[in-house]
There are 2 protein chains.
Amino acid sequence: MAGRREYGEACPVAHSLDIVGDRWALLVVRELRLGPKRFSDLQASLPRAGPNVLAARLRELAETGVLVRRRLPPPAATPVYQLTEWGAELEPVFEALARWGMRSPVVKREGRLSADSVMLAIRSFFRQADPPWSATVEFRLDADVYRVRVVDGGLAELARGEVAGQPDARIEGDRMAVHELIETGTAPGNVTITGDRDAVERLLAAVRMP
Amino acid sequence: MAGRREYGEACPVAHSLDIVGDRWALLVVRELRLGPKRFSDLQASLPRAGPNVLAARLRELAETGVLVRRRLPPPAATPVYQLTEWGAELEPVFEALARWGMRSPVVKREGRLSADSVMLAIRSFFRQADPPWSATVEFRLDADVYRVRVVDGGLAELARGEVAGQPDARIEGDRMAVHELIETGTAPGNVTITGDRDAVERLLAAVRMP
DNA sequence: CCGCATCCCCAAAGATACTG
DNA sequence: CAGTATCTTTGGGGATGCGG
């Protein structure tokens, strides 16, 4: 990131790439889109990254103001990494990259997938529906729990953690199975859907991809 | 780009980065956004890239279908590199990266700038205006000539080459000076504006940046 | 000339082990 | 758990050369 390694252009695109163009940088940011994480969470999400590279990216991204390293209040004083407001504004970049990558002639479906990635597909490909509808759905991907809230046809919330109260429906399964459900719209055998199946149908219909 | 160098994820963002995430790759694509170029043109636009890296990126981007290497019809049988339709669909990615980079807390205005980059700022930051208006403006950045056509308040064309016929206005100067004009809205001494100055004013007003 | 291929060198990424 | 230390590997920067 430093000195000769920068592009040295005044172009805003080049400037962005100076900041998030390094290897693993954007994927680190992706893993923080749904909320702060600890170092080991990031390592688990990006197992091919290596702790030194991960630490380097986190330091650089903190220096450039994309994220901050915070300490949770005691007693759980473990450090977490969290996007700054500006870092969170990378959202349109992810949107654009996700849509472009999805249209790739060389469609790549192999490879692993973090739990966050599976859920983020919902954010990237959600389409406002009419007539409007509302629902709250909880996803349980093994140990990772997410809540999705649709209000008036729009995606109001997509975050880590359980639904406060009772969800309209709950979807459970392993990452890859839920991913297949979201991508194809039909549930493989190892996915369990409980509650309002209509809500789930509408949600899946809203996430149709190109 | 090959094998272990890929992220190995099924995430569409990671897949995009496998294709255009390598160093210089997106800047090469940027230099082709306004039309095909020869190898030496690209070298001149990206002087810090080095011919080997440039050749490698071009080969890889051709393999993945982002661009094609074509031969112009004789007698000018020089090979040019041109974005494919899918490659041209990276436009929203550039838009997002440009807007994000422009909001950077560490605003970077130093560094060089290709002629195409200067003009592309118009595309990235153009805002539909009401009331609608129309105009054709020609830019002459040293040897590089561009035409900009606004129709009904929308950016109808931004391309390399002269205006067919007579432009409403013409802007001449060196790259950096025209860049300053576009960024600040006021013309430095070494920029010459001829023709309909109102058209130029409206164009500059439509490119106000965040 | 223009379009690369080759060579050398260094800095960044990968892998693994280890420590506060 | 949260990183650092160390070593190896690899890709990129820079110069130069060569064929069409």
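Keep in mind the model is a prediction, meaning the values are calculated, not measured. Below, read A as the first sequence line, B as the second, and so on, with proteins coming before strands; counting in each chain starts at 1. Hydrogens, waters and symmetry mates play no part in the numbers below; they use all other heavy atoms, side chains included.
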Asker: Has A:R23 got a side-chain N or O lying under 4.0 Å from the OP1 or OP2 atom of C:dG14?
Answerer: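 For C:dG14, OP1/OP2 do have a side-chain N/O of A:R23 under 4.0 Å.
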Asker: At under 4.0 Å between heavy atoms, what does B:A49 touch on the DNA or RNA strands: base, sugar-phosphate, or nothing?
Answerer: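 Sugar-phosphate, no base atom in range.
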Asker: Between the side chains of B:S117 and B:R30, does any donor sit under 3.5 Å from an acceptor?
Answerer: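 There is such a pair (donor and acceptor under 3.5 Å, judged by atom type) between the side chains of B:S117 and B:R30.
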Asker: Please identify which of these residues, B:E138, B:E162, B:E157, meets the side-chain hydrogen bond (donor to acceptor under 3.5 Å, both in side chains) condition with B:R147.
Answerer: B:E157
Asker: Please report the distance, rounded to the nearest Å, between CZ in A:F39 and P in C:dG20.
Answerer: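 Taking CZ of A:F39 and P of C:dG20, I get 17 Å after rounding.
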Asker: Can you tell me if A:Y7 touches the phosphate of D:dG12, counting only side-chain N or O atoms and a distance under 4.0 Å to OP1 or OP2?
Answerer: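 Indeed not, no polar side-chain atom of A:Y7 lies that close.
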Asker: At their closest point, which heavy atom of A:W24 faces which heavy atom of B:Y7, and how far apart are they?
Answerer: N-OH, 3.1 Å
Asker: Taking only N and O in the side chain of B:W24, is any of them less than 4.0 Å away from OP1 or OP2 of D:dG13?
Answerer: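 The answer is yes; a side-chain N or O of B:W24 sits under 4.0 Å from OP1 or OP2.
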Asker: Looking at B:Y81, does any N or O in its side chain come under 4.0 Å of the phosphate oxygens OP1/OP2 on C:dC2?
Answerer: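 Indeed not, no polar side-chain atom of B:Y81 lies that close.
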Asker: CZ of B:R59 versus C1' of D:dG11: gap in Å, rounded?
Answerer: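 Those two atoms, CZ and C1', are 13 Å apart.
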Asker: Hey, which of these two, A:T78 or A:N52, hits DNA chain D nearer its 5' end, going by closest nucleotide?
Answerer: A:T78
Asker: For a quick test of reading the model: is some side-chain N or O of B:R57 closer than 4.0 Å to OP1 or OP2 of D:dG12?
Answerer: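 Checking D:dG12 against B:R57, a side-chain N or O does come within under 4.0 Å of OP1 or OP2.
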Asker: How many Å lie between CG on B:D41 and P on C:dG3, as a whole number?
Answerer: 7 Å
Asker: For D:dA2, does OP1 or OP2 lie under 4.0 Å from any side-chain N or O of A:R71?
Answerer: no
Asker: What's the closest nucleotide to the A:P79 side chain, out of D:dG3, C:dA13, C:dA5?
Answerer: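 Shortest atom-to-atom distance from the side chain points to D:dG3.
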Asker: Hey, are A:R123 and A:E91 close enough for a salt bridge, meaning a charged N less than 4.0 Å from a carboxylate O?
Answerer: yes
Asker: Please give, in whole Å, the distance from D:dG11 P to B:L54 CG?
Answerer: 18 Å
Asker: Taking the minimum atom-to-atom distance to the side chain of A:R38, which one of D:dG12, D:dA2, C:dT16 wins?
Answerer: D:dA2
Asker: May I ask you to check whether A:D116 and A:Y146 show a side-chain donor-acceptor distance below 3.5 Å?
Answerer: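 Indeed, the side chains of A:D116 and A:Y146 share at least one donor-acceptor pair under 3.5 Å.
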Asker: If I take atom CG in residue A:D18 and atom C1' in nucleotide D:dG12, what distance separates them, rounded to the nearest angstrom?
Answerer: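 After rounding, the reported distance stands at 15 Å.
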Asker: Please state how far atom CD in B:E6 lies from atom P in D:dT10, giving the value in whole angstrom units.
Answerer: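 Computing the B:E6:CD to D:dT10:P distance gives 15 Å.
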Asker: Mind calculating the distance between CG (A:L72) and P (D:dC1) to the nearest angstrom?
Answerer: 15 Å
Asker: So does B:S40 get a side-chain nitrogen or oxygen closer than 4.0 Å to the phosphate oxygens (OP1/OP2) of C:dG3?
Answerer: yes
Asker: Round to a whole Å and report the spacing from CZ of B:R69 to P of C:dC2.
Answerer: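 That distance rounds to 15 Å.
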